[in-house]
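Worth knowing before you read on, the calculation uses all heavy atoms, side chains too, and leaves out hydrogens, waters and symmetry mates. None of these values were measured; they are calculated from a predicted model. The sequence lines fix the lettering, A, B, ..., with proteins before strands; numbering per chain opens at 1.
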Amino acid sequence: MSQEAQDGYVPSSVEEKWQRLWEERGTNAFTREELERAEDPYYNLMMFPYPSAEGLHVGNIYAFTGADVHGRYQRLRGRTVFEPIGFDAFGIHSENFALKVGTHPMDLIPSNVENFTRQLRRIGGMFDWSHVVDTTDPAYYRWTQWLFLKLFDAGLAERKEAPVNWCPSCMTVLANEQVIGGECERCGTAVEQRRIAQWFFRITEYAQRLLDNIESLDWSDTTKKAQANWIGRSTGAQLHFPVVDADGEETGTTIEVYTTRPDTVFGATYMVLSPEHPLVEEVTDHGLRIPVYAYVDKAAKKDLVARQKADRTKTGVPTGGFCRNPATGERIPIWIADYVLMEYGTGAIMAVPGHDTRDFEFAKAFDLPVVRVVAGPDEDADTPLDEAYVGPGRLVNSGPFDGTDVSESVEKVTAWTAEQGWGEAKVNFRLHDWCISRQRYWGPPIPVVHCETCGSVGVPEDQLPVVLPRVEDFRPDDSGVSPLARVEEWYRTECPTCGAEARRETDVSDTFLDSGWYFIRYPSADFDDRPFDEAITRKWLPVDTYIGGNEHAVLHLLYSRFLTMVLKDLGHLDFEEPYDTFRAHGLIIADGAKMSKSKGNVIVPDPIIEEFGADTFRTYLMFLGPFEEGGDYRPQGIQGPFGFLHRLWDTVERAGDGVPDPDVERKVHQTIRQVTDQIPALGYNTSIAAMMECLNVVRAGGRDAVRAEVEPLVVMVAPFAPHLAEELWERLGREGSIFDGANWPDFDPQKAVDDTVEIAIQVNGKLRATVTTSKDASEADVLSAARAEENVARHLQGLEERRVIHVPGRLVNFVVGA
RNA sequence: GGGGAAUUGGCGGAACUGGUAGACGCAUCGGACUUAAAAUCCGAAGCCCCUCGCGGGCGUCCGGGUUCGACUCCCGGAUUCCCCACCA
């Protein structure tokens, strides 16, 4: 028999055939009516890609395959699975790349999308190509603009001048969230600060709700924690420190501080203002304090990296002004230092050098007094401080609160400050309002018109979309305004309210706004008269399972949660959390390091798919490690799944009619149980291992299988190798797509039971033998069989049996001694 | 500085609720088939020792502990990775 006849599996032709048939038959696509009527709908979502010029990389394929396996599994179980895909094509990524290669993004993006589409089809994802979303399509961003207007009308979008992060390289403002350790998230350039009028979404109003809901989500704990930490709720107090003049008289000005340790207020020996604090301007404006001005000016110029690293050496200047510490009545100096951040709290702190590490360093550097107000267990009020003490203990040098334990002191002192009228309990969040303005070109124009008399007016809905004009020179410059501000014929317009000459907003919106609601659009993607259809949305949302990368576990998820809540509050949705279940996949690395061009370890997927086929590639990616942890890509490793799929093909092709062998049938049912348990838990690597093991049993000794033995395996492998499974299903004589109809094999516990068990025999916890007994052998039988083992008997010889542990079906442990 | 995750053969990784550590696969070695090679199939294999046995010892980052029994639980430590970071 020739090799050809033995093994007719030619992945490329099988895959081509089924991709064509899926397309022709509309296997994965839904009509509007089908979406409306779907029974048991299951919305399987994955994070849509940014269509880069390089094409899909292994990381994309890994993520999509893992999500696709999940979707295909649900479908095999009988769910109606909607699995859409789209393109997140606006944003700085695309714009920068377009600038680099000198092609207009409007020309570049369509060809990238086309290339991605080809690759996505090639890997055999179960995508509904009739519901694709492209964020750069006016038919989509029209509704992104609509969403902006909804927030604008609800008072949740506001324009305010604010210190913002400015990337001198990208020449744009960045959200706080896009500043990573003081550097631009995209290009790594040190970020500077500027003050510009910006559009903000008031996400902070939702901070508490965003935090409270986390508990009810079926998300991994790490993602939940990341969200909670980002929101960063802290409880403490806001205290009011009166400013006093040289004679100690109050000037009428107070400095507000936020602290999580109001109980240490007796130890506040000086105040610190952030260089950006409004009061600082007053100080400098009066021209009285030249060193102050110089310091503030320097701080403003200093980029955040230098400001934050600076090997933690504190810098600052005294303002020459004073406050009164309302707890002690003492006059304390006011300083300016850049270790205090304007973005957090009130931009001013009471410095308690005795019990705050940063304040301690500062006090040491500038020779400011340090007072102990907390004493640890072995300390008293006079124990000197070599460093800030932040541990447990009791208050000292704190007037009426001496002796109060720190476990209750925050609450007590806060109550007291409130009674005295100079403080109140205060909850503070780290979360900031979401700055959505971008002084760039490649994004949806913010749909606002500025009118001299009417102010900022939203563009009427019937005038949407505000189309992004084609501008050949779309380079940003350091003017701090969008390139659109150079296109007079575009920005000149009429005020929608009064009809006077007016000017369009020339900023475009953040990409996170595009991606903040795309999942709502998908099922309604074919409606052009509404952002989303009410009935279809009620049927399909919220998303059942969302799978994506950890890099979006904070921002994207938080923003889309926020937008969903807002839409619910405005009556457009009847749910407020967008994703029931979210799982983050791991990272594929190569040679022990993250793939990157600079390391030269990037795996290009196309040639691998060419050589082995999409099914093998998919199966290998899912096999190389736990999906949620990722794994190391080793080119040789693909041989395992490659051989497995070929052997499966071969076995099915040879399988005849007949009755299953009981031993084989048992293994098959044990495998069904295992795989059915593990796929929903994303245990893909172990599922594949179980199927390999099963196939090894089916083929043991070179026997030919019968169809009933292999058919369940064909179905179970289908999520991983969908083309192969379709083909084998057909060759087994079944009609239609394997994915239509609930074809997942039923697990029969009866058939999975072993009638014999192998029991480990230990003596003093060490394995000495194993015995095989019937599964319901009595304890006495098991023990006598155990004692009969020569090696066991030898170790029991001459020793007293103190105890015998018998775990039925597992082991026997003889505990012996002299 | 804070938070999170991890550490198991040559390698990727398995191991239910505390119950035979190393499943499955890669690479390796041996055998079959072949004129030969590839492919395929069958088999071996954690490390060490030995009287070579159905033998013994050691072994899941390190040091302690709990337990009849610990990769798994507790205490202490080391290393690596990720995220955040002067958040008052």
Set of salt bridge (Lys or Arg N to Asp or Glu O under 4.0 Å) partners for [X], sequence neighbours left out:
X       : answer
D677(A) : none
D615(A) : none
E801(A) : R787(A)
R768(A) : none

Short heteroatom pairs, N/O only, protein and nucleotides 26-32 of chain B, under 3.5 Å:
residue	atom	partner	partner atom	Å
A27(B)	OP1	Q636(A)	OE1	2.9

- Query: Quantified in whole Å, what is the P atom distance between nucleotide G10(B) and nucleotide C49(B)?
  - Reply: 15 Å
Quick test: give all pairs of protein nitrogen or oxygen and nucleotides 67-71 of chain B nitrogen or oxygen below 3.5 Å, distance rounded to 0.1 Å.
residue	atom	partner	partner atom	Å
C68(B)	OP1	R803(A)	NH1	3.0
C68(B)	O2'	N813(A)	ND2	3.3
C68(B)	O2	N813(A)	ND2	2.7

Tabulate atom names and distances for all N/O pairs under 3.5 angstrom spanning the protein and nucleotides 57-60 of chain B.
residue	atom	partner	partner atom	Å
G57(B)	OP1	R768(A)	NH2	3.4
G57(B)	OP2	R768(A)	NH1	3.1

- Message: Suppose the criterion is salt bridge (Lys or Arg N to Asp or Glu O under 4.0 Å): which pairs have a residue in residues 423-432 of chain A, not counting sequence neighbours?
- Response: none
- Could you list the residues that satisfy ring pair (Phe, Tyr, Trp, His ring centres under 6.0 Å) with F582(A), not counting sequence neighbours? W219(A), Y546(A)
- Note on the structure: Of A689(A) and T260(A), the one whose closest nucleotide on RNA chain B sits nearer the 5' end is A689(A)
- Is G9(B) in the syn or the anti form, by the rule that syn lies within 90° of 0? syn
- Note on the structure: For RNA chain B, consecutive-pair runs of 3 or more (Watson-Crick or G-U wobble, both H-bond-type distances under 3.5 Å) give B:1-7 with B:78-84, B:10-12 with B:24-26, B:28-32 with B:40-44, B:46-49 with B:55-58, B:61-65 with B:73-77
- Message: Side chains of V352(A) and R261(A), heavy atoms from C-beta outward: is any pair under 4.5 Å?
- Response: no
- Task: Sugar-phosphate means primed atoms, P, OP1 and OP2; the rest is base. With that split, encode nucleotides 42-49 of chain B 5' to 3' as B, S or - using protein heavy atoms under 4.0 Å.
- Result: --------
- Ordered by number, residues from residues 616-628 of chain A within less than 4.0 Å of RNA chain B (heavy atoms) are F623(A), L624(A), P626(A)
